[in-house]
Each structure stands twice: as C-alpha cells, then as structure tokens.
Amino acid sequence: MAIYLTKESKVLVQGMTGGEGMKHTRRMLAAGTDVVGGVNPRKAGRTVDFDDRAVPVFGTVADGMRATGADVTVVFVPPAFAKAAVVEAADAGIALAVVITEGIPVHDSVAFTSYAKERGTRVIGPNCPGLITPGQANAGIIPADITKPGRIGLVSKSGTLTYQLMYELRDIGFSTCVGIGGDPVVGTTHIDCLAAFQDDPDTELIVLIGEIGGDAEERAAAYIRDHVTKPVVGYIAGFTAPEGRTMGHAGAIVSGSSGTAAAKQGALESVGVGVGSTPTETARLVLDRLGVEA
C-alpha cells in the first residue's frame, strides 16, 4: 500500500521538454514511474526519447489525460507560469498535481491551491521535492536509490531532510515519502499526510519533519492527539536560527516565541511524539519505537 502515488499512477510532466524536466523525467522513468506524456503546447505531437522509451508530448493536460488516462501531473515550469499550469491541470480534472517549482509568488500559490481544491485536485508543493513510493513510483526529484519499500511513512517540509531520513532508515524502508514544501502556502499539509498514513494499513510508524515558522507543527500535534493511533516520531529544523530572520524556506521565520523549534518540539512531545535533536537521533528514535536494534 501507499498514499497518493502507486505503481498504477500514470504521470504527465508539465515542462518535460525543458532542462530540469528532461533530467528528472529520465530519473522518474528509471525508478519505474509510468510517465505517459509531457505537456508543451509548442511541441505537441512530438515524442522525446528516454533511453528505451519514447514519451509523447501533448498540447494540453486535458489532451494528455484523454490519450493516456493520466491521473498525476508533475510541474516543472518556471515560476511565472506555474499558476496557469496548475489551473490548467485542475480544469482538466487531474487527481494530483505535484508542483516542484520554487520561487512562485505567494499570491499565485494562494490562488492555485484554492482553485485546485475546489475542483478536487490535490496539490503537493509548491517548492517541494515531490513524493516517492519506493519500488513503485517517483513523482518529483527525490532520489530513488537511497531507500527501499518498507513500513515507515514520512512527511516533511524539507527536501534535504527527507533524503537524510530516507537514507538513515534505509534498512527499514518506507511506504511513501511526501515532501510537502516549506513555503507559507502549500496544497497538502502535515495533517493531510498524517490522516492518509493513519488509514494506510502498511504504514506502521510516521515520521514528521517540520521546521521553524508558522504553526503547522502545532496544528499537527493537535491532530495527532485526537486522530492518530500509530507511533509518530518528529524532527524540527531550526533550533539555532536567529529570531526575526527568514531561514531557507520562505515560511521559516520566527517572531518572539511563536514558531520556534522549542515551541514545536514541546507541542509534539506533549502528545507523545518522540522528537529527535538531530536527524540521526530521530532515526534512532524510530528504530526504538519499532523495536529494531540500531
């Protein structure tokens, strides 16, 4: 089992013919993802060869969905065109839009995440690494060769920390790893993923990676208290961040005691979540909760 992405998923890539789109489409295909087409209105009707597979290019998401049955799109378009790309995908009725693009204006993210939600399209991102169900499919830029299928579900604001925890816990493996992105506005939240992992029979433990800024982790803690029965282990990035300064992600800003790593750690620990002080300690906590010797 998995959440959001499986071996049955059929994936379109908006921006496939660009440099980043080409590179990561090749990597997704190598991971076993069923990439069924790209979208570029200027190159519709062509095909792009990726090693032993020729992938067609469609003029619109709707054309690609009609021709292939695609239910996922991965967005690699420049920031100025990201809003239009997601709106197009939502209008076509795609189930899942994974927005890798960073640097999207917040007002655009507010507009397209709301628009997509109204039309039943789940957005992951923006400014995210995407998601991977190891051994089945990979939608985005997460390295596919650093872990294996297993029983841990992971949801993270940070791409780099996603990769590190995947690697540190590679001997156990993961059901699905979701990088939700660290911008102030994202389409899929920690809580969305917690709910999905709670319902996934093959996820035994959930890892939640947060960071300073905002109150997403505090809200996740309240949700865990009321709705999650599986063990949860967490890590919060940013204990040494100076007050009042943005750090890395656009959403990572601390003002006074609000949004600090310590406040988030306290909220999570108060509902029984084990919170590591480093990624390596977090991995050890996971092993302890699973009863596995390090």
Side-chain angles (χ1 to χ4, degrees), residues 2-40 43 46-58 61 64 68 70-79 81-82 85-86 89 94-103 123-150 152-170 173-182 188 209:
I3 68 168
Y4 305 146
L5 186 74
T6 72
K7 63 183 179 181
E8 306 301 329
S9 300
K10 296 182 182 298
V11 178
L12 293 172
V13 181
Q14 290 173 265
M16 186 184 76
T17 56
E20 289 299 301
M22 291 277 287
K23 177 173 70 175
H24 291 294
T25 297
R26 188 179 304 281
R27 294 175 67 252
M28 287 188 279
L29 285 165
T33 312
D34 189 11
V35 178
V36 295
V39 179
N40 184 329
K43 298 182 179 180
R46 304 183 188 180
T47 59
V48 179
D49 291 326
F50 294 96
D51 301 321
D52 60 348
R53 182 159 178 174
V55 178
V57 180
F58 300 97
V61 173
T68 67
D71 54 0
V72 178
T73 182
V74 184
V75 178
F76 282 105
V77 305
F81 306 109
V86 178
I94 202 99
L96 177 67
V98 183
V99 186
I100 307 301
T101 308
E102 62 180 327
V123 171
I124 294 177
N127 188 17
C128 77
L131 71 162
I132 182 171
T133 296
Q136 296 192 48
N138 184 8
I141 64 174
I142 297 174
D145 58 354
I146 57 174
T147 194
K148 67 179 183 180
I152 303 168
L154 187 150
V155 53
S156 174
K157 281 185 175 180
S158 165
T160 303
L161 291 172
T162 297
Y163 312 152
Q164 183 168 355
L165 265 295
M166 286 172 61
Y167 181 75
E168 297 231 14
L169 293 165
R170 62 194 180 280
F174 292 81
S175 53
T176 302
C177 303
V178 186
I180 60 174
T188 294
I209 300 176

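Side chains included, hydrogens not; waters and symmetry mates left out as well; all remaining heavy atoms used. Heads up: numbering here begins at 1 and tracks the sequence.
- Distance alone, capped at 3.5 Å, is enough to place a donor-acceptor pair between the T188 side chain and the V123 backbone.
- Taking CD from E8 and CD from Q136, the interatomic distance works out to 8.0 Å, rounded to the nearest 0.5 Å.
- Here the CG atom belonging to L154 is positioned 5.5 Å from the OG1 atom belonging to T162, to the nearest 0.5 angstrom.
- Distance check: C177 SG to I146 CD1 gives 8.0 Å after rounding to the nearest 0.5 Å.
- Heavy atoms from other residues, nucleotides or ligands lying under 6.0 Å from CD of E168 number more than 12.
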Query - side chain to side chain contact (heavy atoms under 4.5 Å, CB included) evaluation trace for I132 with M166 - result: CA-CA 11 Å; I132 182 171; M166 286 172 61; 4.0 Å; yes

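- Note that CZ of R27 is 8.0 Å distant from CG of D145, once rounded to the nearest 0.5 Å.
- Taking CG of L131 as the reference point, atom CD1 of I141 lies at 12.0 Å (rounded to 0.5 Å).
- Counting non-hydrogen atoms of neighbouring residues, nucleotides and ligands closer than 6.0 angstrom, the CZ atom of F81 reaches no more than 12 such neighbours.
- Between T73 and A89, the shortest heavy-atom contact is CG2-CB, 3.9 Å.
- For the pair P126/T101, no side-chain contact is recorded, criterion being any heavy-atom separation below 4.5 Å from C-beta on.
- For the pair L161 and Q164, the minimum side-chain heavy-atom distance is below 4.5 Å.
- In plain terms, the two heavy atoms of V39 and V61 that are nearest each other are CG1-N, 3.9 Å.
- Of all heavy-atom pairs spanning M22 and F50, the tightest one is O-CE2, 3.5 Å.
- Side-chain contact between T68 and F58 is present, with at least one heavy-atom pair separated by less than 4.5 Å.
- The shortest distance between side-chain heavy atoms of Y4 and V98 does not fall below 4.5 Å.
- Counting only distance, with no hydrogens or angles, the side chain of E102 and the backbone of N127 share no donor-acceptor pair below 3.5 Å.
- Contact annotation: the side chain of D71 approaches that of S9 to within less than 4.5 Å [non-hydrogen atoms, C-beta and beyond].
- Counting all heavy atoms, side chain and backbone alike, T133 lies closest to T176 at OG1-OG1, 3.0 Å.
- For R170, there are no side-chain hydrogen bond (donor to acceptor under 3.5 Å, both in side chains) partners, not counting sequence neighbours.
- Taking CG of L165 as the reference point, atom CZ of F174 lies at 6.0 Å (rounded to 0.5 Å).
- Annotation: side chain to side chain contact (heavy atoms under 4.5 Å, CB included) contacts of N40 (sequence neighbours excluded): T17, R42, K43, V57.
- A salt bridge links R53 with D34: the closest approach of a Lys/Arg side-chain nitrogen to an acidic carboxylate oxygen falls below 4.0 angstrom.
- Considering every non-hydrogen atom in both P134 and T147, the closest pair reads CG-CG2, 3.8 Å.
- Looking at M28 and V13, their side chains come closer than 4.5 Å, going by heavy atoms from C-beta outward.
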Report task. Please step through side chain to side chain contact (heavy atoms under 4.5 Å, CB included) for the pair V178 and I3, ending with a clear verdict. Result -> CA-CA 9 Å; V178 186; I3 68 168; 4.0 Å; yes

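- Residues satisfying the side chain to side chain contact (heavy atoms under 4.5 Å, CB included) criterion with A137, sequence neighbours excluded, are L5, T33.
- Residues I124 and I180 share a closest heavy-atom pair of CG2-CA, 4.5 Å.
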